[in-house]
> 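Submitted below is the structure of interest, expressed as structure tokens.
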Amino acid sequence: MSEVRLATWNVNSLRARMDRVVEWISYARPDVLCLQETKMQDRDFPAHDLADLGYEAVHHGDGGWNGVAILSAAGIAGVRIGFGDGADDEMGCRIVSAECGEIRVFSVYVPNGREVGSEFYYAKLEWLGSLQRMLAKEWDQREALAVCGDFNVAPDDRDVWNPAAFEGATHVTEPERDALGLLGRWGLVDLFRLHNKADGLFSWWDYRGGAFHKHQGMRIDLILGTAPLASWCTASIVDRQARKGPQPSDHAPVMVYLDPGRGGS
DNA sequence: ATGGTCGCGCAGCGA
């Protein structure tokens, strides 16, 4: 297979964002695009419009909140909804996966923990734990597998616009980062960071207060991949252009470039 | 100065 472009984007309502998604697809040409916060029911998902653009898709959503999807120009097979043990249903349509060509792709929307120490914070940690247990139990880290989505965790201080101001705040606490660390110990690598080491490379900026133009953001949208994907990865981008212009999402798309003919696997 | 802006859905909550 030739180059594969694998992307993830929290669109904050696919209904409100469809024009921007179509625009982005037309110039970025991802082979696989994971979406989060579609905020729609399955029956409203614009599968036909996406098929016209050359994408098969799977969507998992039940209404006004959450909702995840995978668009693939490399095929969709072996769809899995949720964790398979009902845990996802309680937290609401936050994980879906499919075989896209030779890669098992997950699209995930990790719960927002709101205030540190709140019940929502612990539910977020539990959800990340469920993700790790599901991967360890059902999947093989030696295979080509990617977990893409909005993790609501900034992996390290480079990923926060003002680490001093965020000390102890949600998205950066040790337990949240430890939960990402467990995914790393299982075998997932933060593919964006393989070829982009600088700070200030954010994927989300608050709508309020002109945060985007003040470069006040965080990198919380991640593409995690197993060792084979890490060996294939040649480049990565965050497309800040998509955060500009009319009716943008508060997140920008993140994309990695994979060359399955490259590296040792 | 505890604000600010979105989306959903039609009040006020969640992010």
Side-chain angles (χ1 to χ4, degrees), chain A residues 8-24 34-46 49 59-69 88-96 107-128 131 148-155 159-173 175-177 179-180 202-222 238-254:
Chain A
T8 188
W9 194 6
N10 180 325
V11 292
N12 185 20
S13 171
L14 184 55
R15 188 176 290 100
R17 216 66 60 210
M18 187 59 180
D19 289 350
R20 296 298 304 261
V21 170
V22 170
E23 174 195 35
W24 191 73
C34 297
L35 301 178
Q36 299 84 37
E37 282 204 85
T38 61
K39 295 186 175 179
M40 59 172 48
Q41 302 180 46
D42 290 339
R43 67 162 179 263
D44 296 324
F45 185 74
D49 295 329
H59 178 260
H60 176 42
D62 65 5
W65 281 271
N66 310 332
V68 287
D88 176 53
D89 293 326
E90 292 168 31
M91 296 299 291
C93 303
R94 294 176 177 275
I95 178 166
V96 67
S107 180
V108 303
Y109 176 43
V110 177
N112 189 306
R114 305 189 195 177
E115 293 299 312
V116 175
S118 69
E119 59 177 306
F120 304 98
Y121 175 79
Y122 293 111
K124 172 185 188 177
L125 295 177
E126 180 54 36
W127 198 93
L128 283 164
L131 175 62
C148 313
D150 178 355
F151 283 77
N152 273 313
V153 180
D159 302 314
V160 183
W161 67 274
N162 185 351
F166 277 82
E167 207 169 310
T170 180
H171 294 60
V172 307
T173 64
E176 289 165 281
R177 287 175 168 173
L180 280 190
F202 306 135
S203 66
W204 169 84
W205 301 260
D206 201 311
Y207 281 124
R208 296 169 289 187
F212 178 70
H213 297 286
K214 293 189 268 188
H215 304 291
Q216 298 176 348
M218 300 177 97
R219 189 177 70 93
I220 55 178
D221 299 276
L222 311 177
V238 50
D239 186 9
R240 298 180 75 260
Q241 199 64 31
R243 181 62 177 77
K244 304 175 184 174
Q247 297 176 316
S249 171
D250 46 352
H251 296 251
V254 175

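Hydrogens, waters and symmetry mates are skipped; everything else that's a heavy atom, side chains included, is used.
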> Nearest nucleotide by nearest heavy atom, which residue falls closer to the 5' end of DNA chain B, Tyr207(A) or His251(A)?
Tyr207(A)

> Okay, side chain of Tyr109(A), backbone of Cys93(A): is any donor-acceptor separation there less than 3.5 Å?
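Side chain of Tyr109(A) to backbone of Cys93(A): no pair is present.
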
> Which ones in residues 9-21 of chain A lie close to DNA chain B, meaning a heavy atom under 4.0 Å from one of its atoms?
Asn12(A), Ser13(A), Arg17(A)

> Donor-acceptor pair, distance only, cut-off 3.5 Å: does the side chain of Ser107(A) make one with the backbone of Ala69(A)?
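Flag set: sc Ser107(A) to bb Ala69(A) pair under 3.5 Å.
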
> DNA chain B: Lys39(A) or Gly209(A), which has the more 5' nearest nucleotide?
Gly209(A)

> What interatomic distance, in whole Å, is found between P of dG9(B) and the corresponding atom of dA15(B)?
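Comparing P positions in dA15(B) and dG9(B) gives a spacing of 15 Å.
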
> Evaluate the side-chain contact (heavy atoms from CB on, under 4.5 Å) criterion for residues Leu131(A) and Phe151(A): first the C-alpha distance (whole Å), next the side-chain angles of each, then the deciding distance (0.1 Å), finally the verdict.
CA-CA 11 Å; Leu131(A) 175 62; Phe151(A) 283 77; 4.3 Å; yes

> Got a donor-acceptor contact below 3.5 angstrom from the Arg243(A) side chain to the Trp205(A) backbone?
yes

> Using the side-chain hydrogen bond (donor to acceptor under 3.5 Å, both in side chains) rule, take Trp204(A) and Asn10(A) through it: C-alpha gap first, then chi angles, then the decisive distance, then the call.
CA-CA 9 Å; Trp204(A) 169 84; Asn10(A) 180 325; over 6 Å; no

> How about CD on Glu23(A), more than 12 heavy atoms from neighbouring residues, nucleotides or ligands closer than 6.0 Å, or not?
yes

> Do side-chain atoms of Asp42(A) reach the backbone of Gly61(A) as a donor and acceptor pair under 3.5 angstrom?
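Judged by distance alone, yes, a pair lies under 3.5 Å.
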
> Please step through side-chain contact (heavy atoms from CB on, under 4.5 Å) for the pair Tyr121(A) and Glu176(A), ending with a clear verdict.
CA-CA 9 Å; Tyr121(A) 175 79; Glu176(A) 289 165 281; 3.5 Å; yes

> Between dC10(B) and dA1(B), how far apart are the two C1' atoms, rounded to whole Å?
30 Å

> Using the P atom on both, measure dT2(B) against dA11(B) and round to a whole Å.
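Going atom to atom, P in each nucleotide, I get 28 Å.
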
> Heavy atoms of chain A, cut-off under 4.0 Å: which first and last nucleotide of DNA chain B, 5' to 3', fall inside that, if you could look?
dG4(B) to dA15(B)

